[in-house]
Amino acid sequence: MRPDDGPIDPHHIEGEDSIAESEAEAAEISTPEQPLGRMGKPLNRRSPFLIGMAAAAGVAVTYGALQVVIGVQDILILIGLALFLAIGLEPAVMWLVKRRFPRWLAVLTVFVVALAAISGFLTAAIPVIVDQATQFVAKLPTYLGEIQDHSSTLGKLNDRFHIESLIQKTLTSSSSGLTSGLLGAGQAVFSAVTNFLIVIVLTMYFVADLPRIRAAGYRLVPRSRRPRAILIGDQISVKVGGYVLGNLLISVVAGLLTLIWLLSFGVPYAALLAITVAVLDLIPVIGSISGGVIVSLVALTVSLPVCLLTLGFFLVYRFVEDYLLVPRIIGSAVKVPAMVTVVAVLLGGALLGIVGALVAIPIAAAILLLAEEVLYPRLDNS
């Protein structure tokens, strides 16, 4: 050793010896079966440092996840709606599979029938909507004349609610406001069409891969609890499927009965109003009420008695739907109390708008099922 090298650090020598010993031990524990050796003992989870790090990491991850969800909430709503519709179409696909259809052919058949129904509906509805909208524009001067006639029904309403002044204020608004309103309406229509196409495409993929999605979801459950999770999950799927198909059938019934009623009393724009009622009736509780109010206001152009009779018709239909159609068509599958239905629809509509109102009842049915099968038994045994 040279004199200018300085004194030897004993800690440095001990560190080199420790590393050499660890390397020798690593060579000993490496075997052909376990080239990297056996796993060591887990870290002490009660260590204050690990507890603090885990808590900080949990807060950071939760905050980041919430920010991501908020940023893509619109896309998540579309994905959830598509998955909801896919689960709703699954009973029809399984019905064909049980009749020896290959799954791909069953999925294709269901979508061809669904798209054919939608195309037929649009083919029949759009000409009617255009024709009746043209009739409304042609009769608009007549309605304006009736508004100025104080002896007519519209004139009496104008005297009380000042309808003509409201229309004039709307028409004499600034051109910039009208332009922005038209642009906003165009953007809304474009966004609605785009979202509709996205939901259709996602629904097709979800229906085609639903068994794989189902299996992947159940694999997230611990194996000891997986059989019961499968039973509960499949029961929830049955409820969602029954609700979707039943709700579509009830909406068709509402539209047909409305069309027959309006044609019987000569209410104008009968087909357009019937289509409106059928679409609105897809929204539980508040849909048929909103449709009834709109139709009754249009029936007022015929006469006040027809308006009152139409309002009474929708009240009777609401009673028939709640206590006859829904229990027979949807009730056997969903089994949600009336009070829970109303509360769920109001909360769903407040949180997610129309989409929330549409999916509120099956979500409430799933929560009730989980409470009855998991929560209540644990509380009773605790």
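- Atom CG of residue Asn247 and atom CG of residue Leu325 lie 11.5 Å apart, to the nearest 0.5 angstrom.
- In this structure, the separation between CG on Leu85 and CG on Leu202 is 10.5 Å, given to the nearest 0.5 Å.
- Of the inter-residue distances, the one linking Ile198 atom CD1 with Thr203 atom OG1 reads 11.0 Å to the nearest 0.5 angstrom.
- The heavy-atom pair separating Pro227 from Ser224 by the smallest distance is CD-O, 4.2 Å.
- For the atom pair OH (Tyr63) and CD (Gln67), the distance works out to 4.0 Å, reported to the nearest 0.5 Å.
- Here the shortest heavy-atom pairing between Phe206 and Ala86 reads CB-CB, 3.5 Å.
- Under the 4.5 Å side-chain heavy-atom criterion for ILVMFWY residues, a single connected hydrophobic cluster contains both Ile87 and Ile367.
- Side-chain contact between Pro362 and Phe84 is present, with heavy atoms from C-beta onward closer than 4.5 Å.
- Heavy atoms from other residues, nucleotides or ligands lying under 6.0 Å from CZ of Arg378 number 12 at most.
- Side-chain contact between Ile232 and Arg228 is present, with at least one heavy-atom pair separated by less than 4.5 Å.
- In this structure, Phe319 and Leu315 have side chains that are not in contact, with every pair of non-hydrogen atoms separated by 4.5 Å or more.
- Cluster annotation: Ile361 and Ile289 are assigned to distinct hydrophobic clusters (Ile/Leu/Val/Met/Phe/Trp/Tyr, side-chain heavy-atom contacts under 4.5 Å, transitive).
- Within the 4.5 Å cutoff, side-chain heavy atoms of Phe314 are placed close to those of Thr258.
- With a 4.5 Å cut-off on side-chain heavy atoms, Val240 and Val359 do not count as touching.
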- prompt: Could you go step by step and tell me if Ile230 and Arg214 meet the side-chain contact (heavy atoms from CB on, under 4.5 Å) rule?
  reply: CA-CA 9 Å; Ile230 290 174; Arg214 173 181 175 274; 3.5 Å; yes

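- Nearest heavy-atom pair, Val302 versus Val306, reported as atom, atom and distance to 0.1 Å: CG1-CG2, 4.0 Å.
- Between Ala299 and Val267 the shortest heavy-atom distance is CA-CG1, 4.0 Å.
- When all heavy atoms of Pro268 and Leu273 are compared, the closest pair comes out as O-CD1, 3.6 Å.
- In this model, no donor atom of one side chain and acceptor atom of the other lie less than 3.5 Å apart for Glu372 and Tyr376.
- In this structure, Met94 is not a member of the same hydrophobic cluster as Val207, with clusters built from ILVMFWY side-chain heavy atoms closer than 4.5 Å.
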- request: Take Leu210 and Val93 through the side-chain contact (heavy atoms from CB on, under 4.5 Å) test and state the conclusion after the steps.
  value: CA-CA 11 Å; Leu210 200 58; Val93 175; over 6 Å; no

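- Separating the CD atom in Gln73 from the CG atom in Leu78 is a distance of 11.0 Å, to the nearest 0.5 Å.
- Between Ala274 and Gly255 the shortest heavy-atom distance is CB-O, 3.4 Å.
- One finds a salt bridge joining Arg103 and Glu90 here, because a Lys/Arg side-chain nitrogen approaches an Asp/Glu carboxylate oxygen to under 4.0 Å.
- Counted by atom type alone, Asp234 and Tyr218 present one or more donor-acceptor pairs between their side chains at under 3.5 Å.
- Residues Leu280 and Ile294 meet the side-chain proximity criterion, which asks for heavy atoms closer than 4.5 Å.
- Residues Leu76 and Leu66 do not share a hydrophobic cluster, clusters being chains of Ile/Leu/Val/Met/Phe/Trp/Tyr side chains in contact below 4.5 Å.
- A donor-acceptor pair is defined here as one N or O able to donate and one able to accept, closer than 3.5 Å; no such pair exists between the side chain of Asp281 and the backbone of Gly287.
- Linking Ile, Leu, Val, Met, Phe, Trp and Tyr whenever their side-chain heavy atoms come within less than 4.5 Å leaves Leu309 and Leu311 in two separate clusters.
- In this structure, Arg225 contributes its side chain and Val221 its backbone to no donor-acceptor pair below 3.5 Å.
- Here the CD1-OH distance, from Ile213 to Tyr205, works out to 12.5 Å after rounding to the nearest 0.5 Å.
- Ring-plane geometry between Trp261 and Phe265 is classed as tilted, the angle between the planes lying from 30 to 60 degrees on a 0 to 90 degree scale.
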